There are 2 protein chains.
Amino acid sequence: MQIIHSPRHLGHSGHVELMNGRVVPAFEKPERVAMILRAVGERQLGPFVDPTAHGLDPVLKVHDEAFIRFLSTAWQQWTADGRDFPALPSFWKAPGMRAIEPDNIDGKLGHFSFDAGCCIVAGTWDAVQAGADIALTGVDLIADGQPNAFALCRPPGHHAHAGTMGGYCFVNNAAVAAQSFLDRGAARVAVLDVDYHHGNGTQSIFYDRPDVLVCNIHADPMQEFPYFLGYADEAGQGPGEGFNANFPLPWGADFEGWGAALEAACVLVADYAPDALIVSLGVDTYKDDPISQFRLDSPDYLKMGARIAKLGLPTLVVMEGGYAVEAIGINVANTLEGLLQG
Amino acid sequence: MQIIHSPRHLGHSGHVELMNGRVVPAFEKPERVAMILRAVGERQLGPFVDPTAHGLDPVLKVHDEAFIRFLSTAWQQWTADGRDFPALPSFWKAPGMRAIEPDNIDGKLGHFSFDAGCCIVAGTWDAVQAGADIALTGVDLIADGQPNAFALCRPPGHHAHAGTMGGYCFVNNAAVAAQSFLDRGAARVAVLDVDYHHGNGTQSIFYDRPDVLVCNIHADPMQEFPYFLGYADEAGQGPGEGFNANFPLPWGADFEGWGAALEAACVLVADYAPDALIVSLGVDTYKDDPISQFRLDSPDYLKMGARIAKLGLPTLVVMEGGYAVEAIGINVANTLEGLLQG
Ligand SMILES: [Zn+2]
Ligand SMILES: [Zn+2]
């Protein structure tokens, strides 16, 4: 399986988040990729390849132009008056407030975000661009005949909406890849999001469209971020009705309950008969994840990969969350190994 | 002028806010009231009176029941799993997310707020209730024949919407007072908000009503919090059209520009011929305010009070913002003295 990686993710380092009433180093950190590289290298799951540059056009097919302009200039604006520390949003919109982009960068940060955990540092935008290129290179490989590929994106993407960042996500790599598959000739694409958190961004971007089926298995938003999306009754709207499926599970879910949801989601994907499958792979479902409450164990990821392999679809795996640094490598490698061995 | 004060505001102490990418002690702090007490005491502007208990019914006339239930239980829920430090919201709603109240207190904090500066500690709810009683007691005094009164509320209130806290504000004391004037027989009430920041909560609560005229003089939201409300084209809607007026001013405004806006607002208030006037008094328009960018000087507050006195209306002054602790007392006392001397 070709693994697309770039060291440019390291630009997104030293960032922080507001967690539990305190600003702390972000749980989403570069060490995550280091441990994945080590594990997939040890098992020789590669080869590794570099991403190729795709520019912003494919990104702008799923993201608002004003949002991308903001991302590309936010650090310069934040530091223009002398600030040399990470940028965090502080202010959002109450119900009834207006969707106006303010001139002030502090206002812009709130306008284009939905949490106080999406932190921008000097190298964030370059890392984000590299991440989108990684996902798009994965699409190229599969469109050129590879049965699968692993886009080792960082920062993750599935929480990013068309016009808002949040949950450590800036550009929605999986959504950019799904759109690229369509633009390269696919009639239908399925996204299977197995991250612990609901992929609100991916759902939102394709919510009214029938050409991308989005299936999410995640912690019940009544209990867990992103709280305001990811409920079981969200089935798509307009032409997209019936092409979104959510499987919220309670805190404490292990592979028995989780695997049943995966089975149900795989049945939906198979019925949809897509030309390509994108797996938004978060391994924060792991039992020892520091910010999550599911109980999957490392061998479960082999089973997860094997079940997805049975779909027999061209499959692009896109990296999302997973914060237990000591185990993220083995859990990702297990998923890929399960996928390869079927 | 009777000054309504309660030491219960001291329960809202030790709170923090996310400012400039860091969690810092909140600029809105108990010392503010201490310095006001000292200044109005020195000038013998009193007497001081205690608030009387009014219960929650008058509060629920302008606030959502679910929001008030949240405020009254948030600290217990935040600390239920062992947390003993101030509660700060971290997660909000992206455009398109659902207005669902989550079970999880971290989700509730985001659902009922619009910034990461509205911090809840053990004594917050008691202080907030006392603040509402202070404003309501001021209404009682004026309804019973006093020409004016000063409701020394803390925390402030004008940023609080019907269902969301923000900008250091939880219950909208001025809005509660305005509604109480109406319920006690007034046909029309005017709110003149002279705080540096737009009183988005007060505007929002009365936006579709003709019985409360809301006039705001404040920093342009393109440059300043609350960013997403307070623009010049917001004139009210439905039956409320024509009964909201905003006077946004650029950073650096001094009393020349500010006073012209006050003059225009006073003409609107006079034309409206209300039965009572509420002044939302923030003195963060002061030149040395640590978080604000206007340039009013202490003698300007005498002129402000005098101009308002010329309206000749029964006037309840409700305390809002002002963070230059060393000058807040003199600036408030000057406003009250200007009001008394006319
Ligand atoms: Zn996640
Ligand atoms: Zn203010």
Side-chain angles (χ1 to χ4, degrees), chain A residues 16-24 78 83 85-104 106-108 110-111 113-117 119 159-167 200-201 203-204 207 220-231 234 251, chain B residues 16-24 78 83 85-104 106-108 110-111 113-117 119 159-167 200-201 203-204 207 220-231 234 251:
Chain A
V16 296
E17 65 179 303
L18 178 64
M19 156 89 50
N20 236 341
R22 284 149 182 177
V23 171
V24 296
W78 173 261
R83 295 186 281 199
F85 46 85
L88 269 189
S90 302
F91 316 105
W92 291 266
K93 292 185 263 291
M97 282 190 178
R98 299 171 75 180
I100 291 176
E101 180 184 346
D103 292 336
N104 185 315
D106 296 75
K108 285 186 202 287
H111 178 65
S113 76
F114 62 89
D115 68 23
C119 181
H159 292 304
H161 287 233
T164 32
M165 59 185 191
N200 52 293
Q203 167 174 313
S204 166
Y207 204 60
D220 186 343
M222 269 286 170
Q223 295 177 303
E224 193 60 85
F225 181 84
Y227 297 111
F228 310 109
L229 220 54
Y231 293 90
E234 293 157 13
W251 279 358
Chain B
V16 296
E17 64 179 302
L18 179 64
M19 155 91 47
N20 238 340
R22 286 152 179 174
V23 172
V24 296
W78 173 260
R83 295 186 281 199
F85 44 87
L88 269 189
S90 302
F91 316 105
W92 291 264
K93 291 185 264 289
M97 283 191 179
R98 299 172 75 183
I100 290 175
E101 181 185 345
D103 291 336
N104 185 315
D106 296 76
K108 284 185 202 289
H111 178 64
S113 76
F114 63 88
D115 69 23
C119 181
H159 292 303
H161 286 232
T164 32
M165 59 186 191
N200 53 293
Q203 168 173 312
S204 166
Y207 204 58
D220 187 343
M222 268 287 169
Q223 296 177 302
E224 193 60 86
F225 181 85
Y227 296 112
F228 311 109
L229 220 54
Y231 294 89
E234 294 158 12
W251 279 358

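To find a chain, count down the sequence lines: A is the first, B the second, and so on, and within it residues start at 1. Here the structure is a predicted model, which means the values were calculated and not measured.
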* So Phe225(A) and Asp106(B), side-chain contact (heavy atoms from CB on, under 4.5 Å) or not? Walk me through it. -> CA-CA 9 Å; Phe225(A) 181 84; Asp106(B) 296 76; over 6 Å; no
* Might you point out which heavy atoms bring Asn200(A) and Met97(B) nearest each other, and give the distance in Å? => ND2-CE, 3.2 Å
* Asked: Taking only residues two or more places apart in sequence, or in another chain, which ones meet Asp103(A) in a side-chain hydrogen bond (donor to acceptor under 3.5 Å, both in side chains)?
  -> none
Expected list for residues 85-95 of chain B: side-chain donor-acceptor pairs under 3.5 angstrom, two or more places apart:
residue: Trp92(B); atom: NE1; partner: Ser113(B); partner atom: O; Å: 3.3
residue: Trp92(B); atom: NE1; partner: Ser113(B); partner atom: OG; Å: 2.9
residue: Lys93(B); atom: NZ; partner: His111(B); partner atom: ND1; Å: 2.9

* To do: Return the option, out of Glu234(A), Glu17(A), Arg98(A), with the maximum number of heavy-atom pairs under 4.5 Å with chain B.
  => Arg98(A)
* To do: Please look at Gln203(B) and chain A and tell me whether the side chain, the backbone, both or neither of the residue comes under 4.5 angstrom of a heavy atom of that chain.
  => neither
* To do: Identify which part of Asn20(B) has an atom lying under 4.5 Å from any heavy atom of chain A, answering side chain, backbone, both or neither.
  => both
* With respect to chain A, which residue among Val16(B), Leu229(B), Asp220(B), Leu18(B) yields the maximal number of heavy-atom pairs within a distance under 4.5 Å? -> Leu18(B)
* Interchain contact, Arg22(B) with chain A, by part (heavy-atom threshold 4.5 Å) -> both
* Considering non-hydrogen atoms only, spot the tightest contact between Pro102(A) and Pro221(B) and give its length. => CB-O, 4.1 Å
* Name the option with the most non-hydrogen atom pairs under 4.5 Å to chain B; the candidates are Phe114(A), Tyr231(A), Phe228(A). => Phe228(A)
